Amino acid sequence: MSDLNDAHPIALPEKPALEGLESKWDSRWEAEGTYRFDRTRARHEIYSIDTPPPTVSGSLHVGHVFSYTHTDVIARFQRMRGKVVFYPMGWDDNGLPTERRVQNYYGVRCDPSLPYVPEFAPPDKPERPISISRPNFIELCNRLTVEDEKVFEQLWRHLGLSVDWSMTYATIDRGAQRASQTAFLRLLQRGQAYQLEAPTLWDVDFRSAVAQAELEDRDREGAYHRLRFARGPSSPGFVEIETTRPELIPACVALVAHPDDERYQPLFGTEVITPLFGVPVPVKAHALADPEKGSGIAMICTFGDLTDVTWWRELSLPVRAVIQPNGAFRPVAWGDRGWETTDAPRAQAAYDQLAGLSPEKARSRIVQLLRESGDLIGDPRPITHPVKFFEKGDRPLEIITSRQWFIKTTEFREAMLERGRELKWHPDYMRHRLENWVNGLSGDWCVSRQRFFGVPFPVWYPVGADGVVDYSRPLLPDEAALPIDPSTDVPTGYTASQRDVPNGFSGDPDIMDTWATSSLTPQITGRWLDDPDLFGRVFPMDLRPQAHDIIRTWLFSTVLRAHLEHDSLPWSNAAISGWVLDPDRKKMSKSKGNVVTPMALLEKHGSDGVRYWAASGRPGADTAFEENQMKVGRRLAMKLLNAARFALGATEPRGAIVEPLDRGMLTSLSALVEDATRHLDAYDYTRALEQTERFFWSFCDFYLELVKSRRYGDFGPEGAASANSAMLVALSTLLRLFAPYLPFVTEEVWSWWRPGSVHRSPWPVPGEVVAAIAGGDRQSAVVMEHAERALGDVRRIKALQKKPVKAVIARAVLPMALQPLMPAARDFQAAAHIRELAFEDIEEIRLDFAEESDAA
RNA sequence: GGGCGCGUGGCUCAGCGGUAGAGCAUCCGCUUCACACGCGGGGGGUCGAUGGUUCGAUUCCAUCCGCGCCCACCA
């Protein structure tokens, strides 16, 4: 491997320092192409990484630095093991956050119905937002994100990510759009994507459908309202139900109770009358109704929650929708030409007070009406209950019937579970998150969004002579034409003038869910369609690094897409990183105002120091933000500089490694190499670092101190030669073991005496470390162990007696148990400043101090 | 309600069947020829609780308590 007997010039700095190493080495690495990917290599020589693209419209925070460092450690390790590492960087600029930022920054709004304007330039300061076409809007998004991406790249470089910066991608770029649209068309051809008009979870502020994966529950104040429904004419009296959403009474289509509930069995098959609106609705039986909840009988509305949707579907009930896409109650006409009721004027009068209101306002209004009519029994009972929200939204989700695109998921449940078992998880227990999610899937994946900045669906529809759009016969482009934007491009056989007119065509107005694109990152980075040769060399990839909170979204959807498109896993390993927790054990996030600027941290502690802290967070473990750990990392880096300066201060003479301490040190170093390699292979970078670090400190505190005197030539040239030769092997090995964690300081030291980059040198193997001592020397390892223990004992006694470290001991008597150190007695006596050494059958060490302290 | 993870010295964390470890903090000492961005040393814990298995448990099993996260059809 590295031949340390080469004559090489050694250039030691007078006073080594960490300052400035980041920019020095970043530019050197860039100039020398240190991390350049070599695409001529075969698949088995390549280690490919499906890098998560950070959202560029936000800012990088400590959590990014943390998890990206983990990936970089793995990447550097694999590179040194001889793999060509495919390590691109992506930017997630697709989606809502960018859309909002561009709207504010340029003062524009997107209107997909407008035609593209070439050479469009946004006005300097528009008085009001101007409307522009979707392609123009996307151009502006691209323009702005380019600026954001520069800032990101600068930070990543400063942190020392060994990314090949000639390979970057963006989730809205042409390649991403082409991959997304092509994959979508193929899903469609295979019958794995479909379009459906159905009740869908809907955010009333974004005015878009959202997917199950984007939901979160939030606890909200609410109240149970006990209401009475009049029984039909045949059996006078009332039925009482409880609801948290009384405003949906006009949307009520039935009552439901459990089939075994004897209280309500007599009512099944009969009709009751809704309060205020006088609508006769049937009483139904369904097993989902819980006799324990409320009064045991519930009202079914279209639609108050997902259970309503189930009941509505399974009981074949009609639709009475009252909430519009913007969340307001829509106008409804009761009576002869409108909705069914027994009392049209009364129903209309009641409803008129709700029309146009938000659900929240409608609720308080209807409670008043119910009180007045006497249909509210008692006072509402306040409760706190979980309510579904879009994770980025501010108001509770509604369920709106609309036409949406879906990708089939539920019929692949078993396949997904099997893929989850096939995937190697780090840590393994994260697999449960995926299983949990897959088992809880309640419907197919809704992938269409009624937004603008995203990948459009590559679909048009014919418009009939009557002007009605025929969704059942979509017009599809050729794959070769992709990507297209149906809001400006024209389907084959039509002209632009036929857009949205009878006998013409109409473009699908929607864009894809951001995860519908992100789920193809392996295909996008591997240039699936544009460069099949490259794709074959990197896919399926080796590693997906990501955080645990997006297992249900990013990880799940990527596995699904690869399964459907390639019948394989997208990667063989998933390394799940935890979060960075602030001192209050909460996730660090911008909204909590506790985020520290990453660049400031890197400058304060040095990138190596910060990386050291990051690497102390085990895979999957949430980790405390600890500046102390960064200081420790920085200290370690300093120690490396100084230890190296010592080792390289005098490298001659050199020769056979014959001294027991030198042989013992190398023997345990080779064991360390074996352990560290095993742990890194298993993605346990933390343990590998811990062990390397422990060895290194002991190496400095004991080994270097013990051999110092001999190394300076006090016992002749052979002894010095043995020490020098051993130290060079140790330094070379330790630098390489630390290189994935502390890329800057290790490269700096490497440059003092070795050619090339430490990051391109081969990872050490146990055999090379002990090559010069015939494969290891256990006996000498025992000698070293006893010498270290004895030196520790002497130090303790000196410290307790408050003697200087250099205090000379005229005679030392050691317990017989330490006698195995004898082969290294010379080194030991020199390090401990002992003139005469003896062993007796005693428990405690005995020291007779000499008068002078500097006679050594 | 289900699942997962975690509870070890003041703090951050290792250990995981054989009478407790590290770093930081704290205290004491040292201008030692690689390093004062340093070196050496001391003190400090009945390993969340209770049972069980075992010759022996912080380590295995069960139950419970606390913290966190994920998931759930939440009228």
Side-chain angles (χ1 to χ4, degrees), chain A residues 12 15-19 217 219-220 222 224-225 241-245 248 255-257 288-290 293-301 304-311 383 385-388 427 429-442 548-549 551-552 578-579 581 583 585-587 606 609 613 616-618 620-629 631-632 634-649 686-687 690-691 693-694 697 700-701 704-705 708 712 791-792 794-807 831 833 853-854 856:
Chain A
L12 290 188
K15 183 86 177 164
L18 298 172
E19 283 69 25
D217 285 350
D219 278 333
R220 286 294 118 116
Y224 279 124
H225 303 75
I241 63 111
E242 290 206 336
T243 178
T244 55
R245 301 203 59 181
L248 292 180
L255 296 191
V256 64
L288 229 47
D290 183 354
K293 221 169 254 174
S295 60
I297 185 165
M299 85 175 171
I300 303 174
C301 306
D305 61 29
L306 290 173
T307 318
D308 280 344
V309 178
T310 305
W311 280 326
I383 54 160
H385 63 150
V387 177
K388 287 196 189 308
Y429 61 75
M430 285 295 176
R431 185 193 320 272
H432 297 290
R433 302 265 180 121
L434 180 70
E435 290 175 352
N436 241 334
W437 173 249
V438 170
N439 285 325
L441 281 174
S442 62
H548 52 59
D549 55 334
I551 288 174
R552 67 171 178 172
W579 284 338
L581 304 178
R585 308 258 80 193
K586 297 283 181 223
K587 181 190 178 187
W613 159 75
S616 72
R618 321 190 80 81
D622 292 346
T623 300
F625 177 73
E626 263 283 346
E627 288 201 65
N628 259 335
Q629 280 297 104
K631 289 183 187 151
V632 172
R634 188 186 158 79
R635 199 165 304 170
L636 173 63
M638 275 306 298
K639 193 75 175 174
L640 264 169
L641 285 180
N642 285 307
R645 213 165 76 91
F646 172 73
L648 299 174
T686 300
R687 189 179 296 250
E690 264 170 23
Q691 295 190 344
E693 191 192 5
R694 191 182 317 130
W697 282 109
C700 292
D701 295 345
L704 290 184
E705 294 299 331
K708 195 175 270 180
Y712 281 128
L791 180 60
V794 172
R795 281 173 175 166
R796 175 157 30 81
I797 290 167
K798 284 185 175 176
L800 289 174
Q801 297 191 12
K802 302 202 193 300
K803 300 273 187 187
V805 181
K806 275 169 72 174
H833 304 276
S853 61
D854 58 351

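Here is the naming used below: chain letters follow the sequence lines, and residue numbers restart at 1 for every chain. In this text, all values refer to a predicted model and were calculated from it rather than measured experimentally.
Using a 4.0 Å cut-off between a side-chain N of Lys or Arg and a carboxylate O of Asp or Glu, A:Arg687 and A:Glu690 do not qualify as a salt bridge.
Checked against side chain to side chain donor-acceptor pair (under 3.5 Å), A:Glu693 has the following partners two or more places apart in sequence or in another chain: A:Tyr612. By the side chain to side chain contact (heavy atoms under 4.5 Å, CB included) test, A:Leu306 is found to be paired with A:Leu201, A:Lys388, A:Ile399, residues two or more places apart in sequence or in another chain being considered. Residues satisfying the side chain to side chain donor-acceptor pair (under 3.5 Å) test with A:Gln801, not counting sequence neighbours, are none. Partners of A:Leu288 under the side chain to side chain contact (heavy atoms under 4.5 Å, CB included) rule, at least two apart in sequence or in another chain, are A:His286, A:Thr307, A:Thr310, A:Trp311. Applying the salt bridge (charged side-chain N to carboxylate O under 4.0 Å, His left out) rule to A:Arg634 yields the partners A:Glu19; only residues at least two apart in sequence or on another chain are considered. Partners of A:Arg796 under the side chain to side chain donor-acceptor pair (under 3.5 Å) rule, at least two apart in sequence or in another chain, are A:Asp793. For A:Ala799, there are no side chain to side chain contact (heavy atoms under 4.5 Å, CB included) partners two or more places apart in sequence or in a different chain. Annotation: side chain to side chain donor-acceptor pair (under 3.5 Å) contacts of A:Arg220 (sequence neighbours excluded): none. Residues satisfying the side chain to side chain contact (heavy atoms under 4.5 Å, CB included) test with A:Glu242, not counting sequence neighbours, are A:Tyr224, A:Arg226, A:Arg381.
Listed for the A:Lys798 side chain is no donor-acceptor partner under 3.5 Å among the backbone atoms of A:Lys803.
For the P atoms, the distance linking B:rG44 with B:rG1 amounts to 45 Å, nearest Å. Between B:rC73 and B:rG48, the distance separating the two C1' atoms is 36 Å to the nearest Å. Across B:rG42 and B:rC55, the matching P atoms stand 38 Å from one another, rounded to whole Å. Comparing B:rC74 with B:rG2, their P atoms sit 13 Å apart, to the nearest whole Å. Rounded to whole Å, the separation between the C1' atoms of B:rU50 and B:rU58 comes to 15 Å. Annotation: B:rG18 and B:rC11 have their C1' atoms spaced 30 Å apart (nearest Å). For the P atom pair drawn from B:rC27 and B:rG5, the interatomic distance equals 41 Å after rounding to whole Å. If you take atom P in B:rG23 and the same atom in B:rG43, they sit 14 Å apart, rounded to whole Å.
Taking the side chain of A:Trp697 as heavy atoms from C-beta on, and the options B:rC39, B:rG41, B:rA75, the nearest nucleotide is B:rC39. Listed nucleotides B:rC39, B:rG40, B:rC4 differ in distance to A:Tyr429; the shortest reach to its side chain belongs to B:rC4. Side-chain proximity of A:Asp701 to the nucleotides B:rC39, B:rU32, B:rA36 is greatest for B:rC39. For A:Arg687, taking side-chain heavy atoms from C-beta onward, the closest of the listed nucleotides B:rG15, B:rG42, B:rG29 is B:rG15. Of the candidate nucleotides B:rC35, B:rC4, B:rA14, B:rC35 has the atom nearest to the side chain of A:Asn642.
Phosphate contact (OP1/OP2 of B:rC39, side-chain N/O of A:Lys708, threshold under 4.0 Å): absent. In this structure, A:Arg796 does not reach the B:rG29 phosphate: none of its side-chain N or O atoms is under 4.0 Å from OP1 or OP2.
Atom CE in A:Met638 sits about 8 Å away from atom P in B:rC37, given to the nearest Å. When the C1' atom of B:rC13 is taken as reference, atom CD of A:Glu693 falls 12 Å away, rounded to whole Å. Separating the CZ atom of A:Arg618 from the P atom of B:rC4 is a distance of 21 Å, rounded to the nearest angstrom. One atom, NZ of A:Lys639, and another, P of B:rC35, lie 10 Å apart when rounded to the nearest Å. Atom CE of A:Met430 is separated from atom P of B:rC4 by 13 Å (rounded to the nearest Å). For the pair A:Glu626 CD and B:rA22 C1', the interatomic distance rounds to 14 Å; values are reported in whole Å. Nucleotide B:rG5 holds its C1' atom 9 Å from the CG atom of A:Asp622, rounded to whole Å. In this structure, A:Glu705 atom CD and B:rG38 atom P are separated by 15 Å, rounded to whole Å.
Residue A:Ala637 is classed as having no contact, given no heavy-atom separation below 4.0 Å to the nucleic acid. Residue contacts for A:Arg694: at a heavy-atom cut-off of 4.0 Å it reaches no nucleic acid atom on any strand shown. Within 4.0 Å (heavy atoms only), A:Cys301 reaches no atom of the nucleic acid at all.
For RNA chain B, each stem of at least three Watson-Crick or G-U pairs (distances under 3.5 Å) is given as range with range: B:1-7 with B:65-71, B:10-13 with B:21-24, B:26-30 with B:38-42, B:48-52 with B:60-64.
Considering all non-hydrogen atoms of both residues, A:Ser616 and A:Thr686 come closest at O-CG2, 3.7 Å.
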Could I get a table of every N or O pair under 3.5 Å where one atom is in the protein and the other is in nucleotides 24-27 of chain B?
unit_1	atom_1	unit_2	atom_2	d
B:rC24	OP1	A:Arg635	NH1	3.4
B:rC24	O2'	A:Asn628	OD1	3.4
B:rC24	O2'	A:Asn628	ND2	2.7

Short N/O separations, protein against nucleotides 70-74 of chain B, under 3.5 angstrom:
unit_1	atom_1	unit_2	atom_2	d
B:rC71	OP1	A:Arg552	NE	2.7
B:rC71	OP1	A:Arg552	NH1	2.7
B:rA72	OP1	A:Gln212	NE2	2.9
B:rC73	O2'	A:Thr307	OG1	2.8
B:rC74	O5'	A:Lys293	NZ	2.8
B:rC74	O2	A:Pro386	O	3.0
B:rC74	N4	A:Asp217	OD1	3.3
B:rC74	N4	A:Lys388	NZ	2.1

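Two residues are said to be in side-chain contact when any heavy atoms from C-beta on lie closer than 4.5 Å; A:Trp613 and A:Glu627 fail this criterion.
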